[in-house]
Amino acid sequence: MGIVTTSASVSLDGFIAGPQGTGFEHLFAWYDGGAEEFPSANPDVHFRLSPADHRYLSTVMPQIGVLVVGRRLFDMTDGWGGTHPLDKPVVVLTHSVPQEWADAHPDAPFRFVTTGIQDAVAAGHELAGGLDVAVNAGEMASQALAAGLLDEVVLDVVPVLLGDGVRFFDGIGAAPYVLDGPDITPGERVTHLRYRLRRPDRGDA
């Protein structure tokens, strides 16, 4: 079974979005920072990466089998029209199933879970086929961390200070949490940092 990981582009002061949903032109600039095309399943979304970032994503993305996201992101993107740009199945943690959307997209590889983060991650493992389950940063990752489900944290650190907004982690429960690493991959105006969470239940020191 794969691990549970979370990753996001994050500012130097720890935000994955600025105030009122701003700052994405800075946080996501590295996705358009070069000339090498990276595959997208959505014709309206394009990734043109530097050679270093292309190598990085080409290594990371095949390890991910499913994405776990919250209802807010699902609604913001209208469920990506039924096909996530990364061409992965999606588990949506929500209080209620958006039945109208589900009826309009009967073949979309989306599963809606209304019974909490543990069941959402369990559904992710079921769909991932032994690959990793990627939990969206922010509220989803914070819930997974507090529930003891998270194995790995990946920060795509962008050289910008947003000052306020949505934190990568917030309301994480019984801190502190200790992590090992990082593995460091420099990119084009981004630095990819990969940390492994120490988990007492698996005998980590």
Side-chain angles (χ1 to χ4, degrees), residues 1-10 16-17 24-25 27-94 97-113 117 119-141 144 149-156 158 168 185 187-188 190 192 194:
M1 186 168 67
I3 65 170
V4 179
T5 183
T6 185
S7 68
S9 292
V10 59
I16 59 172
F24 295 117
E25 73 274 21
L27 293 173
F28 296 156
W30 66 275
Y31 284 108
D32 195 34
E36 296 196 14
E37 193 89 17
F38 190 82
S40 171
N42 188 327
D44 296 325
V45 178
H46 300 278
F47 305 115
R48 296 182 179 89
L49 305 173
S50 72
D53 293 317
H54 194 280
R55 286 193 299 271
Y56 172 77
L57 283 189
S58 296
T59 299
V60 169
M61 285 304 158
Q63 301 173 26
I64 295 174
V66 68
L67 308 172
V68 177
V69 306
R71 182 62 183 268
R72 181 183 177 190
L73 179 59
F74 173 86
D75 286 343
M76 284 176 57
T77 62
D78 191 29
W80 299 276
T83 303
H84 193 280
L86 297 176
D87 201 21
K88 310 284 185 183
V90 179
V91 174
V92 182
L93 180 58
T94 178
V97 176
Q99 197 59 54
E100 185 176 343
W101 187 95
D103 291 343
H105 302 84
D107 298 323
F110 282 62
R111 182 179 297 186
F112 299 95
V113 174
I117 188 64
D119 287 342
V121 169
H125 280 303
E126 182 182 335
L127 294 171
L131 297 175
D132 295 346
V133 174
V135 177
N136 200 58
E139 186 177 357
M140 293 296 96
L149 300 172
L150 203 59
D151 297 298
E152 183 182 72
V153 177
V154 180
L155 308 176
D156 302 315
V158 176
F168 196 114
T185 304
E188 182 64 33
V190 62
H192 310 286
R194 182 178 296 270

What heavy-atom pair brings [X] and [Y] nearest, and what distance separates the two atoms?
X    : Y    : answer
V113 : A123 : CG2-CB, 4.1 Å
G82  : P109 : O-CD, 3.5 Å
I16  : A8   : CG2-CB, 3.9 Å
A144 : V135 : CB-CG1, 4.4 Å
S7   : A137 : O-CB, 4.1 Å
V158 : L27  : CG2-O, 3.5 Å

Checking the side chain of T83 only, and the main-chain atoms of A41 only, is there a donor and an acceptor separated by less than 3.5 Å?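 Checking the backbone N and O of A41 against the side chain of T83, no donor-acceptor pair under 3.5 Å is found.
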Distance-only donor-acceptor pairs under 3.5 Å for side chains of residues 59-71, two or more places apart:
unit_1	atom_1	unit_2	atom_2	d
T59	OG1	R55	O	3.0
Q63	NE2	T59	O	3.1
R71	NE	D75	OD1	2.9
R71	NE	D75	OD2	3.3
R71	NH1	T94	OG1	2.9
R71	NH1	S96	O	2.7

Does the side-chain contact (heavy atoms from CB on, under 4.5 Å) test come out yes or no for F47 and D32, once each step is laid out? CA-CA 6 Å; F47 305 115; D32 195 34; over 6 Å; no
Who passes side-chain contact (heavy atoms from CB on, under 4.5 Å) against A122, sequence neighbours left out?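 For A122 there are no side-chain contact (heavy atoms from CB on, under 4.5 Å) partners, ignoring immediate neighbours.
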Tell me every residue that passes side-chain contact (heavy atoms from CB on, under 4.5 Å) with E37, counting only those two or more places apart in sequence or in another chain. H46, R48
Residues two or more places apart in sequence or in another chain: which of them pass ring-ring contact (aromatic ring centres under 6.0 Å, His included) with F74? W101, F112
Any residue meeting side-chain hydrogen bond (donor to acceptor under 3.5 Å, both in side chains) with [X], in chain and number order, not counting sequence neighbours:
X    : result
S50  : D53
W30  : S9
E188 : none
Q99  : D103

When you compare the side chain of F168 with that of V153, does any pair of heavy atoms fall below 4.5 Å?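 Side-chain contact under 4.5 Å: yes.
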Determine whether D156 and Y56 make a side-chain contact, defined as any pair of heavy atoms from C-beta on separated by less than 4.5 Å.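 Heavy-atom side-chain distance check passes, below 4.5 Å.
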According to side chain to side chain donor-acceptor pair (under 3.5 Å), does anything in residues 119-138 pair up with another residue at least two apart or in another chain? List the pairs.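 Pairs touching residues 119-138 that pass the test: R111-E126, T115-D119.
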For E36, which residues count as a salt bridge (charged side-chain N to carboxylate O under 4.0 Å, His left out) partner, sequence neighbours excluded?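 None.
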Please list, chain by chain and in numerical order, all residues satisfying salt bridge (charged side-chain N to carboxylate O under 4.0 Å, His left out) with E139, sequence neighbours excluded. none
How many angstroms lie between atom [atom1] of [X] and atom [atom2] of [Y], to the nearest 0.5 angstrom?
X    : Y    : atom1 : atom2 : answer
T5   : L150 : OG1   : CG    : 7.0 Å
T6   : M140 : OG1   : CE    : 10.5 Å
R194 : L155 : CZ    : CG    : 10.5 Å
L49  : H54  : CG    : NE2   : 6.0 Å

Flag if over 12 foreign heavy atoms under 6.0 Å of CD, E100: no
Give me each pair satisfying salt bridge (charged side-chain N to carboxylate O under 4.0 Å, His left out) with a member in residues 77-90, each pair once, sequence neighbours excluded. none
